[in-house]
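Numbering starts at 1 and runs along the sequence shown. Atom set for the values below is all heavy atoms of this structure, side chains included, hydrogens, waters and symmetry mates excluded. No experiment lies behind these values; they were computed from the predicted model shown.
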Amino acid sequence: MKRLWLLPALAIIAIVSGANAAHAAYSSAISYQGCSSCGGGGTVVAGDSVVAAAPEAIVSEGSAAGSGSYTVMRTVRETVMEQVEETRTRVRNETYYVDQVVNRTRMVPETVQREVQYTVMVPTYETREKTINYTVNKPVYETRSRVINYTVKKPVYETRQKTINYTVCKPVYEQHQRVINYTVKKPVYETRTKTINYTVNKPVYETRTKTINYTVMNPVYETRTRNINYTVYNTVKEQKVRTENYTVRVPQTYTKTITVKGGHWDTVTETVPGPMIRRTVREPGTSYFDAATCKTVYCPGKCRVECVQGCPKTICKKVWVPTCEQKEVCCTKYVTECRTREIPYTVCRRVPECRTKVCEYKVCRMVPECRTKTCNYTVCKMVPECRTKTCEYKVCRMVCENRQKTCNYTTCKMVPECRTKVCNYTVCKMVCENRQKTCNYTVCKMVPECRTKVCTYKVCKMVPECRTKTVCHTVCRKECYQETIKVAKCRKVCEPYTVTKCVPRVVCRQVPVTVCCPAPCCDAPACGDACGGCDSCGSSSACGCDAAPACGCADACCEPAPCCAPKKPCCLKGLFDKLFNKPAACGCGCEVIEPCCDVAPACGC
């Protein structure tokens, strides 16, 4: 597929080379002189058929010489691309499966029973008694009394008056007026006109046509068939039974006697001595006469802190009295019991099965096809056009204007004013007064008392006891078995396939070409003069095209002989000359697709 792009290029080269060859035959690059002395044969057109003619028939006064043109058959070589099918071989990897027996090992669970000895600590309870001696502090209360002298300060209130002078600031408001001069800027609008010249690009559309040669790759589909071998694994189920040992916990009921600690709450009334209270007591003071102030001055006594027993309280409290009781309890224990059961299970195994299927697939090859389409397109050209428009606009300018306004405002002035008020106030004076009181108080004294009580308690002692039980446990044993598996292997397979490729082939065909033949200049006046006519030279044998160098004919009379060189291999320069419509140079040392001349005249050959 990568070389298909060469096909359009080779076709274009063949068409251009044929056109250039025909152009060279019709142009004046090669001139055929129909002189009588030129050797070689030719072809003439007789009616509608092309026949071979003798030299006398090619150039005669009545046919070729009189008409000035004749038709020759020219060989044209064309390159045609042919499709050739070629069988090739490619190697592909094929996977196949081989049966292989493998030794494998699996662990099979197995239940085993064994006797296990274990030790249980059984509790044994024993009731014991002990005597406890304890001491109780019993309160003994004693009532006492004492006389306390104390001094109390008694307040004496006296009402008095005084006059207070004070100043108050009183606001006085006053109205004022003031004239304010200010300036205001007032806008004044003015309309003006101006002319604007501008250029507009006006689009001018022109429709053009161009021919586009393109190649389309047409897909050609071909259906092929091939056989595919594949393996299918079928699942086969097989029923089996296995024996399993399992353990069941069976409940067993029994009765046992236990000692339960009980008791009840008793209400006990107790007298609790009062708390110790700290209080401050002042001793009796003394009075003496002060001669300086002529007054009796009282000196209070010292303060001391003493602890006083509070009043006793009677409280009720609950006391727990423990008791022991014997009770029978039903208990349940679980005993391990071994049992056997059969369990059915299904085993699945994969059985391989080889199958074959026919698969159809399509092969697509691309065939090039040359097409031509004519495209119309529009060319837009912008033509500038000058225009003029009148624009109106406003101009604003600010004009100052003086204005005046009157402003009213109020002024506040504080004026002091003297005032007087009478205030009543109370004066308190403390007067000492002696008093006396009798205080009764209770003294609590704790007297220790010894008591005895008998206490019952239980002692628990753990006694070891050996027991035996059967334990089931699972042991895995190793079991060997064989298994057939499929092992994938890879091999290389040679597979033929067909490839279609394009091969260039050169085809020759005959094309009729009309050649212009002007009247021969066979007479010349004298050597060195211009070729005037055939009558002035005398005879054709003395001064003709064959003896043009000796006669002295000008180059304008006898054209140079065409290239009759043998074919040589074509070079790249000649190929590019044909592509760009240039005449091929004779004797370039390369093979050209067509020969330089169709008929080799005798002139200069």
Arg282 side-chain N/O to Gly301 backbone N/O, donor-acceptor pair under 3.5 Å: yes
**Prompt:** Does Glu244 come within less than 4.0 Å of Arg242, counting only side-chain N to carboxylate O?
**Reply:** no
Note: Asn137 and Met446 closest approach over all heavy atoms is O-CE, 3.5 Å
Rounded to the nearest 0.5 Å, the OG1 atom of Thr271 sits from the NZ atom of Lys138 at a distance of 10.0 Å
Closest heavy-atom pair, Cys480 versus Thr105, reported as atoms and distance to 0.1 Å, is SG-OG1, 4.1 Å
> Can a donor-acceptor pair be found between the side chains of Tyr298 and Thr151 at a distance below 3.5 Å?
Replying inline: yes
When rounded to the nearest 0.5 Å, the distance separating CZ of Phe289 from SG of Cys294 is 5.0 Å
So ring pair (Phe, Tyr, Trp, His ring centres under 6.0 Å) across residues 114-150, not counting sequence neighbours, yields none
- Item | Side-chain heavy-atom pair Asp266, His264 within 4.5 angstrom cut-off | yes
Check this for me: Gln117, atom CD, are more than 12 non-hydrogen atoms of other residues, nucleotides or ligands nearer than 6.0 Å? no
query: Near Arg278 CZ, under 6.0 Å, is it more than 12 heavy atoms from other residues, nucleotides or ligands?
result: no
Q: Might you work through the salt bridge (Lys or Arg N to Asp or Glu O under 4.0 Å) test for Lys153 and Glu433, ending with a clear yes or no?
A: CA-CA 6 Å; Lys153 284 193 175 184; Glu433 181 181 349; over 6 Å; no
Closer than 4.0 angstrom, basic N to acidic O: yes or no for Glu283 and Arg304?
yes
| In this structure, are over 12 heavy atoms from other groups packed under 6.0 Å from Tyr481 atom OH? | yes
Output for pair (Thr498 OG1, Glu85 CD), nearest 0.5 Å, gives 6.0 Å
- Ionic contact status for Glu126 with Lys461, cut-off 4.0 Å: no
Interatomic distance, NZ@Lys373 vs SG@Cys375, rounded to 0.5 Å, equals 5.0 Å
Taking atom NZ of Lys486 as the centre, report whether more than 12 heavy atoms of other residues, nucleotides or ligands fall under 6.0 Å from it. yes
Correct closest heavy-atom pair for Thr470 and Thr336 would be O-CG2, 4.3 Å
Any side-chain heavy atom of Val305 within less than 4.5 Å of one from Arg279?
-> no
Quiz item: Quick one: are Tyr457 and Lys130 in side-chain contact, heavy atoms under 4.5 Å?
Solution: yes
Shortest non-hydrogen pair, Thr247 vs Cys472, comes out as OG1-CB, 3.5 Å
Note: Met430 and Cys428 closest approach over all heavy atoms is SD-SG, 4.2 Å
* To do: Can you establish whether the number of heavy atoms outside Arg224 located under 6.0 Å from its atom CZ is more than 12?
  => yes
The reported gap from OH in Tyr497 to OG1 in Thr89 (rounded to nearest 0.5 angstrom) is 8.0 Å
Residue pairs passing the salt bridge (charged side-chain N to carboxylate O under 4.0 Å, His left out) test with at least one member in residues 307-320, sequence neighbours excluded, are Glu270-Lys317
On a heavy-atom basis, the closest approach of Cys169 and Met414 is O-CE, 3.5 Å
Could you verify whether a donor N or O on one side chain and an acceptor N or O on the other, from Asn227 and Thr356, lie under 3.5 Å apart? no
Distance to the ring centre below 6.0 angstrom and angle to the axis at most 45 degrees; does that hold for Lys357 and Tyr230? yes
Should Arg477 and Val475 count as side-chain neighbours, where that means a heavy-atom distance under 4.5 Å? no
Is the shortest side-chain heavy-atom distance between Cys338 and Gln113 below 4.5 Å?
yes
(Q) Go through it in stages, so that I can follow the logic: the residues are Val507 and Arg505, the test is side-chain contact (heavy atoms from CB on, under 4.5 Å), and I'd like the CA-CA distance, side-chain angles, deciding distance and then a yes or no. (A) CA-CA 6 Å; Val507 179; Arg505 185 172 66 89; 3.7 Å; yes
Test item: side-chain donor near acceptor, Thr135 and Arg451, under 3.5 Å: no
* **Derivation and outcome, side-chain contact (heavy atoms from CB on, under 4.5 Å), residues Cys364 and Met366** => CA-CA 7 Å; Cys364 176; Met366 306 301 287; 3.9 Å; yes
Open item on the list: I'd like to know if the side chain of Thr442 pairs up with that of Gln309 as donor and acceptor (distance under 3.5 Å, no hydrogens or angles considered).
Closed with: no
For Tyr233, look at atom OH and say whether over 12 heavy atoms of other residues, nucleotides or ligands are found less than 6.0 Å away. yes
*asked:* Less than 4.5 Å apart, side chain to side chain, heavy atoms only: is that true for Lys469 and Arg467?
replied: no
Next item on the list: Please examine the side chains of Lys478 and Met107, heavy atoms only from C-beta on, and report whether any two atoms are closer than 4.5 Å.
Entry: yes
Between Ser145 and Asn440 (side chain of the first, backbone of the second, donor and acceptor by atom type, cut-off under 3.5 Å), is there such a pair? no
*With a cut-off of 6.0 Å (strictly less than), are more than 12 heavy atoms of other residues, nucleotides or ligands near OH of Tyr173?*
no
Output for pair (Thr243 OG1, Arg341 CZ), nearest 0.5 Å, gives 11.5 Å
- prompt: Would you say Thr372 and Thr211 make side-chain contact, with heavy atoms under 4.5 Å?
  reply: yes
Taking the six-membered ring of Tyr377 as reference, does the cationic atom of Lys210 (NZ for Lys, CZ for Arg) lie under 6.0 Å from its centre and within 45° of its axis?
yes
The side-chain hydrogen bond (donor to acceptor under 3.5 Å, both in side chains) partner of Thr346 among Glu238, Lys237, Lys240, Gln239 is Gln239
Notebook entry, point to check: Can you tell me if Asp99 and Thr484 form a side-chain donor-acceptor pair at under 3.5 Å?
Noted result: no
- Query: Does atom OH of Tyr361 have more than 12 heavy-atom neighbours, drawn from other residues, nucleotides or ligands, at distances under 6.0 Å?
  - Reply: yes
